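Quick note: numbers below take in every heavy atom, side chains included, and nothing from hydrogens, waters or symmetry partners. Remember, it's a predicted structure, so these values are computed and weren't measured experimentally. Residue numbering restarts at 1 for every chain, and letters A, B, ... go by the order of the sequence lines.
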Amino acid sequence: MSLPPQLRKVAPTVWELPVSYKDGMLVPARIIATEGLLAGMEAGVFEQTANVACLPGILKYAYCMPDGHWGYGFPIGGVAAMDPTSGVISPGGIGFDINCGMRLVLTTLTEEEVRPRLRQLVDLMFARIPTGVGCTGFVRCSRSEFRQVLEKGSHWCREKGYAWPEDLEMTEEGGCFGGADPDAVSDKATLRGFDQIGTLGSGNHYCEIQVARPENIFDAATARSFGITIPNQVVVMFHCGSRGFGHQVATDYLQSFLRVMTTKYGIQLPDRELACAPFRSPEGQAYFAAMKCAVNMGFANRQVILYRLREVFSQIFHRSPEELGMRMVYDVAHNTAKLERHLVDGTLREVLVHRKGATRAFGPGMAGIPACYRETGQPVIIGGSMETGSYLLAGEAGAAATFFTTAHGSGRTMSRHQAKKMVRGQKLLGEMEQRGIYVRTDSWGGLAEEAGFAYKDIDLVTAATEEAGLSRRVVKLVPMGNIKG
DNA sequence: ATGTGC
């Protein structure tokens, strides 16, 4: 595939499309990638990042991260910071799965201890953590109780005994975005979401047993600070979001914005999928308040999954979760919009940062991250494909360039449809088992869609974020067992 | 991603 001729290299890992590239661009578009990753990007990534640069109030640049690929409106990997006074909020810049994110949990077990009981462990995980489209959880939640979940996120979990106090500290924003308003949420969204707390879902959502092997440690001091202290230490990583609830919130407000964007606010954009409303408008504020409900639902969802996970490990290894050292390293979202303070042209100001398939990566010394990570920078959890491995990174000062944002995962290289044509789920499962990875799934087609070859090389993506100064590699985590929807 | 497609 040929790159747009207007694309200019402005730094070894920064590629820029000028405002002259497309009518309506207000700022240049910047792709963060190595030459190799850039060459593999779909044409849609350049078009969509340039489209994002047309959104009213966008500051500095429209960005796409090295794992970027084609998405709804924005590319997945898209980052856009808006002036909250004159700018817009766009659901396409956050994604349908609001607060899709990653959580990483430690154990003090080693690969040698877990390997003999791996099948038993993964089987019990699969039995206790609901997976698949439309799955529901064990938490019984009335409508009024669900409002509490939406307002409080992980705090609700703590009140109900599903969280350790320290879990909240180890969650981005303490596991709760303030200002969530359940009245901004449709009944339809509530109806889809109230029974989905503590469920994994489908697609690329999974829960994985991983091992930190000594040869995969890049930064030993930071690894120690993050709790990786034992050779061949076993950890658990999982990836999921706000399920049908967040999806319905996104759908509701995309429709609402499409009705008013042009007629009421006179906004013209190159793509309907960029539907947006002025951030300060009633519609924009309602979406922001509803989006925060979905963010909090996502945090609560991952917290209840952790509660179940602790039960599962405790049952298999006959020790309490505390004795098994099942502490959280961190929980970090990659589909949100948030008001943050950033330096823009030398002035510290409040901006609305959209991150869609992009992870907040606060660097060393910054406020807003747990005190224990103040010197290292924020842990960044990057999920790879279930075959190739994942990474734990640390936020770097250089991420100031991207409003303190880095990549979120591998990024697809082919469509789900294409992947499914190339491999059968049963065959893939057999091959993975040969390589010591035990997988349980309730969808063979879904498994095939997640094959390693359908994703960019996670080693190259994380190396690119390091070269760009956004985040540094701490440890690569290799899969042992996986449950997926 | 998603009661997978109005």
Tell me: [atom1] of [X] to [atom2] of [N], nearest whole Å?
X: A:Q248; N: B:dT4; atom1: CD; atom2: C1'; value: 14 Å
X: A:I76; N: B:dT2; atom1: CD1; atom2: P; value: 13 Å
X: A:H417; N: B:dT4; atom1: NE2; atom2: C1'; value: 14 Å
X: A:L447; N: B:dT4; atom1: CG; atom2: P; value: 20 Å
X: A:H205; N: B:dT4; atom1: NE2; atom2: C1'; value: 14 Å
X: A:H247; N: B:dG5; atom1: NE2; atom2: C1'; value: 12 Å
X: A:N99; N: B:dT2; atom1: CG; atom2: P; value: 13 Å
X: A:E449; N: B:dT4; atom1: CD; atom2: C1'; value: 10 Å

Going through the distances and angles, do A:D252 and A:Y287 end up as a side chain to side chain donor-acceptor pair (under 3.5 Å)?
CA-CA 9 Å; A:D252 290 340; A:Y287 170 63; over 6 Å; no
What I'd like to find out is whether the side chain of A:M328 reaches to under 4.5 Å of the side chain of A:T171, using heavy atoms alone.
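Yes, close enough: below the 4.5 Å cut-off.
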Look at all strands and tell whether A:K188 reaches a base, only sugar-phosphate, or nothing, counting heavy atoms closer than 4.0 Å.
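Base, at least one base heavy atom under 4.0 Å.
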Just to be sure I understand the rule, does A:Q196 reach a base, reach only the sugar-phosphate, or reach nothing, if contact means heavy atoms closer than 4.0 Å?
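Sugar-phosphate, backbone atoms only, no base.
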Backbone of A:A454 reached by a side-chain donor or acceptor of A:T413 within 3.5 Å:
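Yes.
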Does A:K484 use its side chain to pair, donor to acceptor, with the backbone of A:D442 at less than 3.5 Å?
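Between the backbone of A:D442 and the side chain of A:K484 there is no qualifying donor-acceptor contact (under 3.5 Å).
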Looking only at side-chain N and O atoms, does A:T251 come under 4.0 Å of OP1 or OP2 in B:dT2?
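No, no such contact exists.
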